[in-house]
Amino acid sequence: MGDKREEGLSALLHETRTFPPTDEMVKRANAGPGIYDEANADPLAFWASQAEYLTWDTPWTETLEWNPPFAKWFVGGKLNVAVNCVDRHVEAGLGARVAFHWEGEPGDTRTITYDDLLKSVCQAANGLTELGVRAGDKVAIYMPMIPETVVAMLACARLGAPHTVVFGGFSSDALRGRILDCDAHFVITADGGYRRGVASPLKAAVDEAVAECPDVEKVLVVQRTGQEVDWSEGRDVWWHDMVSRQPEHHEAEAFDAEHPLYIMYTSGTTAQPKGILHTSGGYLTHVAATHRLIFDIKPEEDVFWTAADIGWVTGHSYIVYGPLANCTTSVMYEGTPDTPARDRWWQIIEKYKVNILYTAPTTIRTFMKWGEDLPAAHDLSSLRLLGSVGEPINPEAWIWYRTHIGREQCPIVDTWWQTETGGILITPLPGITATKPGAAMTPFPGISVDIIDNEGNSVGNDEGGYLVITQPWPGMLRGIWGDDERYKETYWSRFPGKYFAGDGAKRDQDGDIWLLGRVDDVMNISGHRISTTEIEHALVSHPAVAEAAVVGASDATTGQAIVAFVTVKGAGTEGAPDGEEFVAELRDHVAHEIGPIAKPRQIMLTPELPKTRSGKIMRRLLRDVAEHRDLGDVTTLLDPSVVNAIKVRMSDGAEDKE
Ligand code: PRX
């Protein structure tokens with residue numbers, strides 16, 4: 001496991017402060033002290049009791065059918081996910097409750113009640129039906145953060161048509177790859193969305209992607225920005241023409257608990273992102289239970305804000321499905337934290353009296369850089385609980401979050417999970433756990449994890465190892481879309497019978513869990529998962545590039561940053577591309593292939609890459625170089641001088657970093 005991370009860890013483990021829950025939290029919290037014992041005594045009964053919070057058309061006959069590594073939860077049960085998120089709340093007389101306080105980046109706002117949401121979802125479901133969408137059809141959604149994105153997802157769920165939401169910051173190439181992989185015949189998009197004051201060209205990207213997707217029949221387009229768009233007659237349909245004239249009633253069908261709900265693509269260690277499949281009953285049980293118990297939601301009074309994009313799993317589980325299943329009032333914000341000014345979030349919290357905020361450490365570190373005066377100038381006294389997700393949170397950021405955002409009064413829940421896990425698996429519980437800055441602490445009730453060595457043996461306290469999950473859980477992925485073998489191979493073969501998460505972890509002296517970051521070639525940039533291989537492929541697809549190696553180097557704000565080492569064709573000869581302009585061209589090329597989030601922070605042109613005698617690129621060494629560390633033993637290298645040459649060039653160029 002990573003040397004540097006180990007060093008970071010020992011610093012973390014010297015962090016000994018603990019923060020017990022306040023008396024008020026202990027008294028009020030949804031999760032009471034008996035919950036761990038209850039769940040440990042009978043995890044399946046615990047999950048079944050959580051599933052009872054949902055409304056089922058047909059009750060399940062068996063809680064779990066486990067044919068490792070294939071799980072079926074709530075076997076025989078039938079439900080409609082959209083009905084659980086919307087209709088049943090309206091039927092219970094809660095239709096006037098706000099589902100979303102939506103805030104557009106330019107300052108426009110919309111208030112959407114559960115009544116409004118029900119009408120919109122029914123209209124969208126009728127509209128999609130008119131376009132030809134049927135249960136089982138896949139629908140790609142490529143949207144900005146606007147209410148129609150939620151409506152589109154729920155309309156798909158209502159029809160039993162699995163959606164695949166593609167983050168609006170991904171390129172048309174990335175969108176095309178996903179549409180083709182899951183065989184989506186329908187795309188829902190918008191003309192554009194606002195980001196830092198600029199209208200992004202979403203529809204144009206869809207046009208480019210769909211040009212090479214012959215099976216796409218219809219593209220449904222929401223008008224958000226009013227910008228000019230190209231129009232393909234017969235294929236493209238305006239949302240406001242078609243959906244708005246639909247009836248406001250739609251009879252929902254109940255689907256099997258294991259009916260596919262969505263496919264979310266995420267980066268793995270290969271160039272091709274994996275389509276992670278989530279299904280209905282178990283997933284909704286998991287996200288609703290974790291949302292209620294970890295964020296301590298009191299739906300009748302709380303305003304909840306997951307400040308993430310719906311294009312990632314955090315948005316799926318904790319903006320859409322978990323909060324809506326619990327009839328929560330949420331804030332949804334379209335834009336960036338610095339538009340028009342760096343106090344936008346604090347304005348939003350003050351305006352809507354947000355009680356619970358859930359965000360990523362990278363954002364907290366950015367706020368730290370911007371200074372505590374900005375939050376101090378706003379009334380943040382409504383906040384009563386803070387959450388963190390996406391990457392390990394360093395103790396400094398944790399303490400800053402607690403002090404400057406939480407007024408030293410809000411518990412912080414550092415929640416560990418993944419696209420694959422569907423919902424949170426390791427976390428404190430706010431009325432029970434005495435938290436430690438930087439630790440995710442404890443498996444959620446009903447979740448069994450272990451930390452093991454290379455041979456699969458549990459390691460002792462204070463010894464690092466691999467994090468595995470030892471029992472199935474309801475929100476777990478049901479597979480990789482279209483590739484059962486890859487599912488088995490990726491997650492279940494390294495340690496047979498155990499789910500291998502790809503993360504390193506450690507228990508401290510008290511047995512509490514600290515996450516140490518990825519142990520594979522997956523990077524975590526600002527809480528976003530990006531594979532080194534994917535970027536290497538993008539670089540090599542440039543006609544001038546011969547070979548590329550990409551590593552994640554530590555970065556004080558983004559957690560990790562992308563550093564690429566590239567050799568060009570004909571390197572060293574006259575006319576071979578070189579220089580800053582070419583490097584800029586390569587960075588743009590990566591942005592075009594994958595999306596701006598994948599742009600390397602630094603690209604180092606080098607005549608050769610360091611390789612072992614067997615021809616493997618030594619990424620670990622390159623990471624050391626990228627992080628300006630001593631190189632240690634390089635004797636297994638084919639030509640040790642290569643790496644030293646790179647190192648010299650790298651330190652020469654250290655000031656050039658963006
Ligand atoms: O390395 C872990 C890190 O993010 C990875 C999952 O990324 P993704 O599937 O994109 O989902 C992100 C949002 C759930 C994990 O393998 N990670 C996530 N949360 C934490 C974390 N690392 C440490 N602490 C966390 N709280």
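Numbering of ligands and ligand atoms starts at 1, following listing order.
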### For Phe304, the option from Tyr318, Phe100, Phe295 that meets ring-ring contact (aromatic ring centres under 6.0 Å, His included)
Phe295

### Query
Val389 heavy atoms, cut-off 4.0 Å: which ligand 1 atoms fall inside?
13 (C), 14 (C)

### Task
State plainly whether the residues Asp302 and Arg384 are in salt-bridge range, i.e. N to O under 4.0 Å.
yes

## Note on the structure
Asp414 heavy atoms within 4.0 Å reach ligand 1 at atoms 25 (C), 26 (N)

### Task
Please report which non-hydrogen protein atom sits nearest to atom 2 (C) of ligand 1, along with the residue it belongs to and the distance in Å to one decimal place.
Asp503 OD2, 2.8 Å

#### Entry: Heteroatom proximity flag, Leu515 to ligand 1, N/O under 3.5 Å
no

## Note on the structure
atom 23 (C) of ligand 1 sits nearest the protein heavy atom Pro392 N, 3.1 Å

### Query
Would Glu485 and Lys488 pass as an ion pair if we require N to O under 4.0 Å?
yes

### Summary
Only one of Trp417, Phe444, Trp416 passes side-chain contact (heavy atoms from CB on, under 4.5 Å) with Ile424, and that residue is Trp417

### Task
Report the nearest protein non-hydrogen atom to atom 6 (C) of ligand 1: residue, atom name, distance rounded to 0.1 Å.
Trp417 O, 3.7 Å

### Task
Kindly identify the option in Asn524, Thr314, Leu467 whose heavy atom sits closest to atom 13 (C) of ligand 1.
Thr314

### Summary
The protein heavy atom nearest to atom 9 (O) of ligand 1 is Thr419 OG1, 2.6 Å

### Summary
With Phe367 as partner, the option from Tyr401, Trp345, Trp400 fulfilling ring-ring contact (aromatic ring centres under 6.0 Å, His included) is Trp345

### Task
Note the single closest protein heavy atom to atom 19 (N) of ligand 1, along with its residue, its atom name and the distance in Å.
Gly390 N, 3.1 Å

### Passing option when Tyr499 is tested against Ile469, Thr470, Leu467 for side-chain contact (heavy atoms from CB on, under 4.5 Å)
Ile469

#### Entry: Proximity of Thr415 to ligand 1 by residue part, where a heavy atom lies under 4.0 Å
backbone

### Query
Can you check whether Thr266 has an N/O within less than 3.5 Å of an N/O in ligand 1?
no

### Message
Regarding ligand 1, does Gln418 bring an N or O atom to under 3.5 Å of one of the ligand's N or O atoms?
### Response
yes

### Query
Quick one: nearest non-hydrogen protein atom to atom 7 (O) of ligand 1, plus distance?
Arg529 CD, 3.2 Å

### Message
Would you say the rings of Tyr265 and Phe170 are close, in the sense that their centroids are separated by under 6.0 Å?
### Response
no

### Query
Is the closest basic N to carboxylate O distance between Asp555 and Arg601 below 4.0 Å?
yes

### Task
Start with the C-alpha gap between Ile513 and Met441, add the side-chain angles, then the distance that decides, and say whether side-chain contact (heavy atoms from CB on, under 4.5 Å) holds.
CA-CA 5 Å; Ile513 297 173; Met441 301 298 293; over 6 Å; no

### Task
With heavy atoms only and a cut-off of under 4.0 Å, state how Glu391 meets ligand 1: side chain, backbone, both or neither.
backbone

### Message
Looking only at distances, can you tell me whether any N or O atom of Ser388, backbone or side chain, sits closer than 3.5 Å to an N or O atom of ligand 1?
### Response
no

### Message
Do the side chains of Asp181 and Arg178 get close enough for a salt bridge, i.e. N-O under 4.0 angstrom?
### Response
no

